[in-house]
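Accompanying notes for the structure given below.
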Amino acid sequence: MEKLKFINKYADKFVSEKDIADMSPRAVEAMRTLHAGNGEGNDFLGWVTLPSDYDKEEFARIKKASSYIQKNCDILIVIGIGGSYLGARAVIEALKSPNYNALAKNTPQIYFIGNTISPSMVTELVSLCEEKDICINVISKSGTTTEPAVAFRVFRDLIYKKYSADEAAKRIFCTTDKARGTLKELADEQGYETFVVPDDVGGRYSVLTAVGLLPIAVAGIDIDALMNGAAFAQNSLNSEDINENDCLKYAAIRNCLYESGKRLECFISYEPCMTMFNEWLKQLFAESEGKDGKGLYPVSCVFSTDLHSVGQFIQESGSSLMFETCIKFNKPLDDFTITEQDGNIDGLNFLAGKTMSFVNEKARQGTLLAHTEGGVPNFILESDAITAENLGYMIYFFEKVCAVSGYILGVNPFNQPGVESYKKNMFALLGKPGYENEKEKLEKELGI
């Protein structure tokens, strides 16, 4: 049973069968490297077997903690940046709604912070917590990453002002290193419950660890189903026949397009609830492939909304630059039937009796034809419906595509050396001890 089907026929005139055949041995070799664990970054391959080899005791504690949080707070504050928040937020919005916090429900509101240093965002969230019971889930391997560390200071102070020390300790949950680091030491000292960021799973591959699973469970999502979908993907995406393994085929063909001169991959959805999933994809592919002067630049659009903005650029100027990958669901979460109106003032009575999903699908089909005729290759990744199991499959599918594709490209898909550059400059400009010699030079360059 296919949970996600890769359709590449709308890119046939841009990628030949010979191109795919020539790329196939490189793709197979890349997947073998991944499976053998002998490629660059092989100390970060824990995600490969994670769906079938996760810590069952910790999984049970995640469920217990999520139940406690659901019963004892109105708001859960999730503090993290990058992979420490994107995956969880993507799953919650996809399965619950981008309007999750505004909807009637029997689970807490969930707000994400520590992904920005904006004082306005922090102040606004502090005000939302007034007269509310709150819990905190702080996610940081070290505990010293600037953005989440600053946010944790703010909300830890808040929680200790609202509750006694004993009660506050019950409301702070730390997802961090299993044995060391500033956050782990603080948690042990104060008695906060801790969950593990595995040593062999990088942040952008961590959504199926406690990093993502605790907030996801608090939202009332079935994390067993999520893991079952990922396990299905783990077991079914191993064939070395490119025509039997859509993961392998997609990785190969996107590299064919890269080598033909394409530089952007635009992830498309016609469901706004997938907006943050696209953001997770952007991080996954950008940090994994964007190095050594190589890599496709990942961007995203939600149609039909963005057809009225960047759609112009895609249609008229995209052919030399980009291709699109559309995530398509055959069944909407909900639907709405268009009614007939007297007078037909808006001219839409021809749609009377038809569903919004039908109109949305025709918009997708019309866009597909227009963009391919305009010279933009299109892929479709087709799923039956947005369910926890299907999303778990999809998460693992993209993680494996990214890893295989990175090895085809000839980069280490599991490091991110470029992320450190801005941090060094920021620390120097802030006057962090140890960076004094750089401060004056940088201020001179900035003209301050």
- Item | CG/D334: more than 12 non-hydrogen atoms of other groups inside 6.0 Å | no
- Could you check whether the rings of W47 and F414 sit parallel, tilted or perpendicular, using 30° and 60° as the cut-offs? tilted
- Item | Heavy-atom pair with the smallest gap, counting every atom of Y100 and V218 | OH-O, 4.3 Å
- Task: Compare every heavy atom of G143 with every heavy atom of L183, then report the nearest pair and how far apart it is.
- Result: CB-CA, 3.7 Å
- Item | Worked check of side chain to side chain contact (heavy atoms under 4.5 Å, CB included) between S300 and L281 | CA-CA 9 Å; S300 70; L281 288 174; over 6 Å; no
- Task: List for me each residue that meets side-chain hydrogen bond (donor to acceptor under 3.5 Å, both in side chains) alongside E438, sequence neighbours excluded, and say none if there are none.
- Result: K441
- Message: Side chains of F155 and L125, heavy atoms from C-beta outward: is any pair under 4.5 Å?
- Response: yes
- Query: Once the angle between the rings of Y54 and F59 is folded into 0 to 90°, is it parallel (under 30°), tilted (30 to 60°) or perpendicular (over 60°)?
  - Reply: tilted
- Task: List the atom of P148, the atom of G80, and the distance in Å for their closest heavy-atom pair.
- Result: CB-CA, 4.2 Å
- Message: Go through it in stages, so that I can follow the logic: the residues are N137 and T175, the test is side chain to side chain donor-acceptor pair (under 3.5 Å), and I'd like the CA-CA distance, side-chain angles, deciding distance and then a yes or no.
- Response: CA-CA 7 Å; N137 176 209; T175 308; 3.2 Å; yes
- Taking the six-membered ring of Y258 as reference, does the NZ or CZ atom of R263 fall below 6.0 Å from its centre and within a 45° cone about the axis? yes
- Message: F14 vs F323, test: ring-ring contact (aromatic ring centres under 6.0 Å, His included). Steps then yes/no.
- Response: CA-CA 10 Å; F14 308 100; F323 63 95; over 10 Å; no
- Heavy-atom pair with the smallest gap, counting every atom of K424 and Y435: O-CD2, 3.8 Å
- E240 with R32: basic N within carboxylate O range, under 4.0 Å: yes
- Item | Heavy-atom side-chain proximity of Y10 to I380 below 4.5 angstrom | yes
- Item | Heavy-atom pair of closest approach, residues V201 and S206 | CG1-CA, 3.8 Å
- Mind telling me whether F277 and W280 have parallel, tilted or perpendicular rings, with 30° and 60° as the class edges? tilted
- Query: Do R26 and E29 meet the salt-bridge criterion of a basic N to acidic O distance under 4.0 Å?
  - Reply: no
- Please determine, by modelled atom types, if Q312 and E316 share a side-chain donor-acceptor pair under 3.5 angstrom. no
- Query: Should the pair D384-K3 be classified as a salt bridge under the 4.0 Å nitrogen-to-oxygen rule?
  - Reply: no
- Before giving the answer on side chain to side chain contact (heavy atoms under 4.5 Å, CB included), spell out for R204 and L86 the whole-Å C-alpha distance, their side-chain angles and the decisive distance to 0.1 Å. CA-CA 8 Å; R204 58 190 177 273; L86 273 171; over 6 Å; no
- Message: Regarding N378 and E324, do their side chains bring together a donor and an acceptor under 3.5 Å, going by distance alone?
- Response: yes
- Query: Is the NZ atom of K354 crowded by more than 12 outside heavy atoms at less than 6.0 Å?
  - Reply: yes
- Message: For E289 and S405, which I'm curious about, is there any donor-acceptor pair between the side chains at under 3.5 Å?
- Response: yes
- Task: Please test L226 against I216 for side chain to side chain contact (heavy atoms under 4.5 Å, CB included), starting from the C-alpha separation and ending with a verdict.
- Result: CA-CA 10 Å; L226 196 71; I216 290 168; 4.2 Å; yes
- Item | I448 atom CD1, neighbour heavy-atom count above 12 within 6.0 Å | yes
- Does K328 have any salt bridge (charged side-chain N to carboxylate O under 4.0 Å, His left out) partners at least two apart in sequence or in another chain, and if so, which? E382
- Heavy-atom side-chain proximity of L213 to F195 below 4.5 angstrom: no
- Inter-residue atom distance E93.CD - M276.CE, 0.5 Å rounding: 6.0 Å
- Side chain proximity check, F350 to N344, heavy atoms < 4.5 angstrom: no
- Item | Within 6.0 Å of NZ in K331, more than 12 heavy atoms from elsewhere | no
- Task: On the 0 to 90° scale, with breaks at 30° and 60°, tag the F398-F285 ring pair as parallel, tilted or perpendicular.
- Result: perpendicular
- Is it the case that T275 and N278 place a side-chain donor and acceptor less than 3.5 Å from each other? no
- Message: If we count only N and O atoms by modelled type, under 3.5 Å, do the side chains of T107 and Q70 hold a donor and an acceptor together?
- Response: no
- Heavy-atom nearest pair, S288 first then Y205, reads OG-OH, 3.4 Å
- Should L158 and V154 be marked as a side chain to side chain contact (heavy atoms under 4.5 Å, CB included) after you check the CA-CA gap, both sets of side-chain angles, and the distance that decides it? CA-CA 6 Å; L158 178 63; V154 172; 5.7 Å; no
- Message: Between V78 and Y111, is there a side-chain heavy-atom distance shorter than 4.5 Å?
- Response: no
- Message: Quick check on E17: does its CD atom have over 12 non-hydrogen neighbours (other residues, nucleotides or ligands) under 6.0 Å away?
- Response: no
- Query: Is there a donor in the side chain of T144 and an acceptor in the side chain of S142, or the other way round, less than 3.5 Å apart?
  - Reply: yes
- Candidate pair S357 and T355, rule side chain to side chain donor-acceptor pair (under 3.5 Å), full reasoning: CA-CA 5 Å; S357 63; T355 62; 3.0 Å; yes
- Under 3.5 Å, side chain of D292 to main-chain N/O of K294, donor-acceptor pair present? no
- Query: Do F379 and F6 have ring centres separated by under 6.0 Å?
  - Reply: yes
- Can you find a side-chain donor-acceptor pair between K96 and N101 that sits under 3.5 Å? no
- Query: For M356, does the CE atom have more than 12 heavy-atom neighbours from other residues, nucleotides or ligands under 6.0 Å away?
  - Reply: no
- Item | K132 backbone acceptor or donor facing D74 side chain under 3.5 Å | no
- Before giving the answer on side chain to side chain donor-acceptor pair (under 3.5 Å), spell out for K262 and N255 the whole-Å C-alpha distance, their side-chain angles and the decisive distance to 0.1 Å. CA-CA 9 Å; K262 302 300 181 187; N255 274 277; over 6 Å; no
- Message: Is there a side-chain contact between I386 and C273 in this structure, where contact means two heavy atoms from C-beta onward sitting under 4.5 Å apart?
- Response: yes
